[in-house]
K.L.:
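One structure follows; several queries about it will come next.
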Amino acid sequence: MQITQYTNEVIKELNRTVSLISEESAEKLVEHILQAERIFVAGAGRSGLMMKAFAMRMMHMGLQVYVVGESVTPGLSKEDLLIIGSGSGETKSLLAMAAKAASLGAAVAITTVIPDSSIGRLADLVIQIPALSKDTTDSGLTSIQPMGSLFEQSILLLFDSIILQMMIRLDLDSSAMFGNHANLE
Ligand SMILES: O=C([C@H](O)CO)[C@H](O)[C@H](O)COP(=O)(O)O
């Protein structure tokens with residue numbers, strides 16, 4: 001298959017996947033974000049890269065947002081929201097973070113393939129992504145892509161769409177957000 005044909009197949013997979021995400025749970029994530037004092041995001045590997053991309057856009061919106069594990073990230077408190085991106089919902093470091101956040105009384109949200117995963121069961125809000133997790137072989141879903149690619153792409157698109165809705169809610173446009181763009185590049 002040619003590379004551009006692969007791209008078309010990936011887009012079809014994404015179309016199928018994002019159309020099955022619950023609008024209600026996505027809206028609830030928006031509410032949680034807007035009500036939180038500060039937002040912390042966490043994820044490992046490629047899922048973590050998508051969480052960083054989401055954090056960057058929220059920073060552009062003027063929200064107080066931190067990536068867990070960065071040297072300047074402060075402690076979490078009960079007024080805060082922790083958003084985890086984990087296809088499997090089982091990544092040990094993230095499970096420990098979710099448990100700690102819950103014990104501190106902070107709200108925990110997760111985007112995951114498996115709502116009934118260890119982190120999913122701990123979370124206050126679960127957004128299910130009907131994709132494959134990195135080691136799923138028998139979910140009944142198929143993808144031409146390896147491991148968690150479909151999940152990772154789907155959350156990136158979901159988060160970018162959540163940003164679009166929050167821009168309306170906060171009356172922000174791209175040029176206002178550009179005011180917060182990095183200028184030491
Ligand atoms: O890097 C990863 C990826 O699956 C490769 O496609 C994962 O995002 C990383 O291992 C974290 O896993 P999950 O917590 O299950 O998303």
Side-chain angles (χ1 to χ4, degrees), residues 1-34 39-61 63 65 67-68 81-91 94 98 108-120 123 125-170 172-174 177-178 181:
M1 207 187 277
Q2 288 186 319
I3 291 172
T4 50
Q5 284 178 299
Y6 278 129
T7 310
N8 270 316
E9 288 306 311
V10 168
I11 290 169
K12 278 187 208 158
E13 288 190 354
L14 283 166
N15 236 316
R16 188 188 70 209
T17 304
V18 299
S19 63
L20 293 172
I21 297 173
S22 147
E23 177 68 25
E24 192 189 342
S25 61
E27 301 262 357
K28 277 189 188 153
L29 182 58
V30 170
E31 294 308 327
H32 272 74
I33 290 170
L34 295 178
I39 303 120
F40 290 66
V41 305
R46 280 173 51 113
S47 308
L49 295 174
M50 306 305 143
M51 300 313 292
K52 284 185 177 177
F54 187 32
M56 183 189 279
R57 279 286 182 262
M58 287 193 277
M59 175 276 288
H60 291 148
M61 302 186 86
L63 299 174
V65 57
V67 176
V68 175
L81 167 67
L82 172 64
I83 310 173
I84 292 174
S86 174
S88 63
E90 297 294 344
T91 301
L94 302 173
V108 177
I110 182 172
T111 53
T112 184
V113 172
I114 306 166
D116 194 30
S117 55
S118 303
I119 306 174
L125 174 61
V126 177
I127 295 138
Q128 183 181 12
I129 310 296
L132 286 87
S133 68
K134 61 189 174 198
D135 53 359
T136 312
T137 49
D138 58 356
S139 69
L141 293 165
T142 54
S143 170
I144 60 166
Q145 304 185 74
M147 295 170 275
S149 291
L150 181 58
F151 168 74
E152 294 137 21
Q153 294 154 351
S154 300
I155 61 172
L156 181 67
L157 296 186
L158 172 69
F159 291 146
D160 274 350
S161 307
I162 282 175
I163 293 291
L164 288 173
Q165 205 199 73
M166 291 201 297
M167 284 169 68
I168 303 287
R169 296 271 298 265
L170 299 176
L172 289 168
D173 59 15
S174 185
M177 286 164 65
F178 189 65
H181 194 280

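Heads up: numbering here begins at 1 and tracks the sequence.
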K.L.:
Measure the CD1-CG distance between Ile168 and Asp173 for me, rounded to the nearest 0.5 Å.
P.N.:
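That separation rounds to 10.0 Å.
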K.L.:
Take Glu27 and Gln165 through the test side chain to side chain contact (heavy atoms under 4.5 Å, CB included) and record every step on the way to the result.
P.N.:
CA-CA 9 Å; Glu27 301 262 357; Gln165 205 199 73; 3.3 Å; yes
K.L.:
Is there a side chain to side chain contact (heavy atoms under 4.5 Å, CB included) between Thr91 and Lys134? Walk through the geometry before answering.
P.N.:
CA-CA 11 Å; Thr91 301; Lys134 61 189 174 198; 4.0 Å; yes
K.L.:
Side chain to side chain contact (heavy atoms under 4.5 Å, CB included) with Pro130: which of Val18, Thr17, Val113?
P.N.:
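So, applying the side chain to side chain contact (heavy atoms under 4.5 Å, CB included) to Pro130 and each of Val18, Thr17, Val113, only Thr17 qualifies.
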K.L.:
I need the Ser174 OG to His181 NE2 distance, nearest 0.5 Å.
P.N.:
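Taking OG in Ser174 and NE2 in His181, the distance rounds to 9.5 Å.
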K.L.:
Decide side chain to side chain contact (heavy atoms under 4.5 Å, CB included) for Val65 and Ile33; before the verdict, give the C-alpha distance in whole Å, the side-chain angles of both, and the deciding distance to 0.1 Å.
P.N.:
CA-CA 10 Å; Val65 57; Ile33 290 170; over 6 Å; no
K.L.:
Between Glu13 (side chain only) and Ile144 (backbone N and O only), is there a donor and an acceptor less than 3.5 Å apart?
P.N.:
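Yes, the answer is positive, given that a donor and an acceptor are paired below the 3.5 Å cut-off.
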K.L.:
Could you tell me whether Met61 atom CE has more than 12 heavy atoms of other residues or ligands within 6.0 Å of it?
P.N.:
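Counting neighbours around CE of Met61, more than 12 heavy atoms of other residues, nucleotides or ligands fall under 6.0 Å, so yes.
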K.L.:
Distance check, rounded to the nearest 0.5 Å: Ile39 atom CD1 versus Ile83 atom CD1?
P.N.:
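Reported to 0.5 Å precision, the distance equals 6.5 Å.
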K.L.:
Rounded at 0.5 Å granularity, tell me how far CD1 in Ile129 sits from OG in Ser22.
P.N.:
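Ile129 CD1 to Ser22 OG: 9.5 Å, rounded to 0.5 Å.
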K.L.:
So, do Leu94 and Val68 sit near enough that their side-chain heavy atoms are less than 4.5 Å apart?
P.N.:
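SC-SC contact between Leu94 and Val68 ruled out.
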K.L.:
Looking at Glu90 and Ser117, would you say the former's side chain and the latter's main chain have a donor-acceptor pair under 3.5 Å?
P.N.:
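Looks like no, no N/O pair under 3.5 Å.
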K.L.:
Below 4.5 Å, heavy atoms only, C-beta onward: do Leu150 and Leu14 meet side chain to side chain?
P.N.:
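Contact flag for Leu150/Leu14 side chains = yes.
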K.L.:
Using 0.5 Å steps for rounding, measure from the CD1 atom of Ile119 to the OG atom of Ser88.
P.N.:
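OG of Ser88 is found 6.5 Å from CD1 of Ile119.
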K.L.:
Compare all side-chain heavy atoms of Met51 with those of Ile155 and state whether any distance is below 4.5 angstrom.
P.N.:
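Met51 reaches Ile155 side chain to side chain.
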K.L.:
Do you know the tightest heavy-atom contact between Gly120 and Ile110?
P.N.:
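Of all heavy-atom pairs spanning Gly120 and Ile110, the closest is CA-CG2, 4.1 Å.
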K.L.:
Answer whether the closest heavy-atom distance between the side chains of Arg46 and Met147 falls below 4.5 Å.
P.N.:
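Not in contact.
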K.L.:
If you measure from the Lys or Arg side-chain nitrogens to the Asp or Glu carboxylate oxygens, is any gap between Glu31 and Lys28 under 4.0 Å?
P.N.:
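So Glu31 does not pair with Lys28 through a salt bridge.
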K.L.:
Is the number of heavy atoms from other residues, nucleotides or ligands under 6.0 Å of Gln2 CD greater than 12?
P.N.:
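It does not: Gln2 CD has 12 such atoms or fewer within range.
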K.L.:
Once you round to the nearest 0.5 Å, how far does CD1 of Ile11 lie from CD of Gln153?
P.N.:
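Here the interatomic distance stands at 9.5 Å.
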K.L.:
I need the minimum non-hydrogen distance between Ala55 and Val41, along with the two atoms involved.
P.N.:
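Scanning both residues completely, I find the closest heavy atoms to be CB-CG2, 3.8 Å.
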K.L.:
Look at atom CE of Met166 and say whether more than 12 heavy atoms of other residues, nucleotides or ligands are closer to it than 6.0 Å.
P.N.:
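Enclosed: over 12 neighbouring heavy atoms sit under 6.0 Å from CE of Met166.
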K.L.:
Could you go through the side chain to side chain contact (heavy atoms under 4.5 Å, CB included) check for His60 and Ile163 one step at a time?
P.N.:
CA-CA 10 Å; His60 291 148; Ile163 293 291; over 6 Å; no
K.L.:
Quick check: does any side chain N or O of Thr112 sit under 3.5 Å from a backbone N or O of Gln128, one acting as donor and the other as acceptor?
P.N.:
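Checked: no pair found.
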